[in-house]
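Everything on this sheet refers to the single structure shown next.
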Amino acid sequence: MAEKQEFVREITPRSVDFAQWYTDVILKADLVDYAPVRGCMVMKPYGNRIWELIQADMDGRFKETGHENVAMPLLIPESLLLKEAQHIEGFAPEVAWVTHGGDEKLPERLAIRPTSETLFCAMYAKWIKSWRDLPMLYNQWCSVMRWEKSTRPFLRTAEFWWQEGHTMHATAQEAQEETMRMLGVYQAHSEEVLAMPVITGRKSDKEKFAGARATYGMESMMQDGKSLQAATSHNFGTNFSEVFDVKYLDKDGALKYAHETSWGSSTRLIGGLIMTHSDDRGLVLPPRVAPIQIVVLPIAMHKEGVLDKARAVAAELEAAGLRVKLDERDTQSAGWKFNEWEMRGVPIRMEIGPRDIEAGVATVCRRDTLEKLTLPLQGVAQAASLLLGDIQSAMFQRAAAFRDGRLSVARDMDGLMRGVQEGFVRTMWCGERACEDRVKAETSATSRVMPFDQTPVNDCCAVCGAPARNVIYWAKAY
RNA sequence: CGAGGUGUAGCGCAGUUUGGUAGCGCGUUUGGUUCGGGACCAAAAGGUCGCAGGUUCAAAUCCUGUCACCUCGACCA
């Protein structure tokens, strides 16, 4: 028995080596594989399905808030990318270039998009003429490429899949409202769907997006206490509009620059999901993004009536709109299947065996707590739906409690240094870059966000002691 | 990009110090017994030892280079 338990833990325990644990989980759960291209990943069907479920939910939220999807080209002419100085300065080191068409050298290099602000702006300059054209609210789902030096599946890959929303507005106020609205959409999605609690706020100038006037982000704490930037929402003001000449004729007859926003989230969310919820047995998926919500396992399948009953139960669950897998393989033992589906994070395992059938119940095991219970077969779909709802909210509660337990408040550098060893630290900050650089040098932590709740801790910067301007969160980050 | 580590059967590894017939476990295939937490027995298939050079009668093993992956730093969604 002891040996069997060891065998289950082919996955390195989190407490021993978090990074190795992370890699083990995604490979054992069959989410991705490494590609022949350096730094690139292949999303396998199971991992890709999670992304599809994330996309479906998020895309619905984008449409509810008035956005439409477009498809922009993969390539950006060098001259276009170079237009906004700060922007290209931020991205230049990691741009991949197309230099040839067939054997012929191109007259101008083409960048493989690292992000599409420049393309959108070039098009917006053509499309926007009048105040009647605004706001223009577009989004695209695509992949982008950033030639990263060190990569890890989902967290940082050379090519990654994402959505990027790009909008143009008549006024600064509308642009700011849009920036906040989309940050709110990300937060709601993360907390309601991914069961991943986040802290939102504004980024310091140091951490801000290249070319933006203000960047807002949401940060989530992983089980090693490090922070993952899970999404960002930027207000560009008229920075790009002035460079790309995006102007409209306003009601008052004056020609004005449009105010721009952009916001993005990526397959990195899946990495966050894994590092938030999973355990030493493998993946734990929140029901709302689980490709399989319930796996039905016929037990002692060779016995009369078991398989028929299991099929009937699976069909009933499916008819209720649940994502169900009936595992009828006769090549694997029941115990083997238990472990496999646990490793792959299926929220509910439902066993249908001779004893269950006789008692009119199903034996059920929930993945988040590994707790076993029985559900009456009468009305099983409804009970299962309720249980999935419980699991979803319990996972959020648990993650939030974990996060709160590792969140500290500090008034000085000592407290800050101690705090970032564990998780997030809330302090006052004077607003100076020098203090951020000092924290980075001494603790390897960075400023994450200045939260919207600015209730002061005290009145002086925790780093330098000068009069404080903001409340800010610090953490080591991915 | 700096420091360290690892590349040997589908997967996990031993063998490398001291050069001399390519090994083990899991998985796979076939047959049988099992079947409520990774079952058991028997037989079988499966390898250009990451790649390229070099040294040698002989290289998985020694030397040089190179690529990939993993960890820790520096940079970023």
Side-chain angles (χ1 to χ4, degrees), chain A residues 1 3-10 12 16-24 27-28 30 33-41 90-95 114-115 143-164 186 203 206-210 215 217-220 227-234 262-272 281-282 297-303 306 329-343 349 351-359 362-363 365 370 372 374 440-441 444 446 476-478:
Chain A
M1 190 49 125
E3 274 177 28
K4 280 183 179 174
Q5 281 176 359
E6 282 307 307
F7 188 42
V8 171
R9 269 188 244 112
E10 285 174 84
T12 306
V16 173
D17 185 344
F18 193 80
Q20 187 60 51
W21 166 84
Y22 174 79
T23 308
D24 288 348
L27 293 178
K28 295 281 177 193
D30 208 25
D33 201 353
Y34 294 99
V37 189
R38 190 209 71 109
C40 292
M41 66 172 173
F91 281 104
E94 50 193 44
V95 171
T115 178
S143 70
V144 291
M145 175 157 276
R146 298 180 189 177
W147 210 255
E148 300 285 355
K149 284 161 186 132
S150 71
T151 59
R152 302 178 67 187
F154 293 124
L155 299 178
R156 172 158 299 107
T157 47
E159 182 184 12
F160 59 93
W161 291 268
W162 79 342
Q163 58 68 219
E164 46 179 331
Y186 287 138
K203 293 265 169 189
K206 183 182 176 186
E207 299 290 325
K208 167 179 97 167
F209 183 83
T215 289
M218 75 181 188
E219 300 281 323
S220 185
S227 184
L228 185 77
Q229 178 172 303
T232 47
S233 185
H234 316 287
S262 86
W263 24 277
S265 67
S266 71
T267 38
R268 174 181 266 194
L269 287 171
I270 299 174
R281 285 171 173 256
L297 298 187
I299 302 294
M301 272 194 301
H302 56 287
K303 297 220 170 127
V306 169
R329 286 176 297 176
D330 58 4
T331 48
Q332 315 293 356
S333 70
W336 197 95
K337 292 178 184 176
F338 290 179
N339 284 291
E340 183 183 31
W341 293 116
E342 273 168 15
M343 212 147 59
R349 178 181 78 235
E351 302 165 28
I352 306 286
R355 294 207 291 271
D356 298 302
I357 294 168
E358 198 178 336
T363 301
C365 180
L370 296 170
K372 283 189 186 178
T374 55
K440 173 85 185 182
S444 88
T446 51
K476 294 184 182 177
Y478 275 95

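Computed over heavy atoms, backbone and side chain alike; hydrogens, waters and symmetry mates excluded. Sequence lines set the chain letters: A, B, ... in the order given, protein chains first and strands last, and positions in each chain run from 1.
For the C1' atoms, the distance from B:G38 to B:G15 is 29 Å, rounded to whole Å. Of the P atoms belonging to B:A52 and B:A45, the separation is 28 Å, rounded to the nearest Å. For B:G47 and B:U8, the C1' atoms lie 8 Å apart once the distance is rounded to whole Å. Only the C1' atoms considered, B:G31 is 32 Å distant from B:A14, to the nearest whole Å. B:G2 sits 30 Å from B:U17 when the P atoms are compared, rounded to a whole Å. Between B:A9 and B:C72, the distance separating the two C1' atoms is 33 Å to the nearest Å.
Within the nucleic acid shown, A:Tyr478 comes within 4.0 Å of at least one base atom, counting heavy atoms only. Using a 4.0 Å heavy-atom distance criterion, A:Lys440 is classed as a sugar-phosphate-only contact. Note on A:Thr157: a base of the nucleic acid sits closer than 4.0 angstrom, heavy atoms only. Contacts of A:Arg355 with the nucleic acid, taken as non-hydrogen atoms under 4.0 Å apart, include base atoms.
Under the 3.5 Å distance criterion, with hydrogens and angles disregarded, no donor-acceptor pair is assigned to the side chains of A:Thr12 and A:Asp17.
A:Thr232 has no side-chain polar atom (N or O) that falls below the 4.0 Å cut-off from OP1 or OP2 of B:A77.
For the atom pair OH of A:Tyr478 and OH of A:Tyr22, the computed distance is 8.5 Å after rounding to the nearest 0.5 Å.
Pairing for B:U6 is with B:A68, a Watson-Crick or G-U wobble pair whose two hydrogen-bonding atom distances lie under 3.5 Å.
In this structure, A:Glu342 pairs ionically with A:Arg349, as a charged nitrogen and a carboxylate oxygen lie closer than 4.0 Å.
When all heavy atoms of A:Trp162 and A:Ser265 are compared, the closest pair comes out as CB-O, 3.1 Å.
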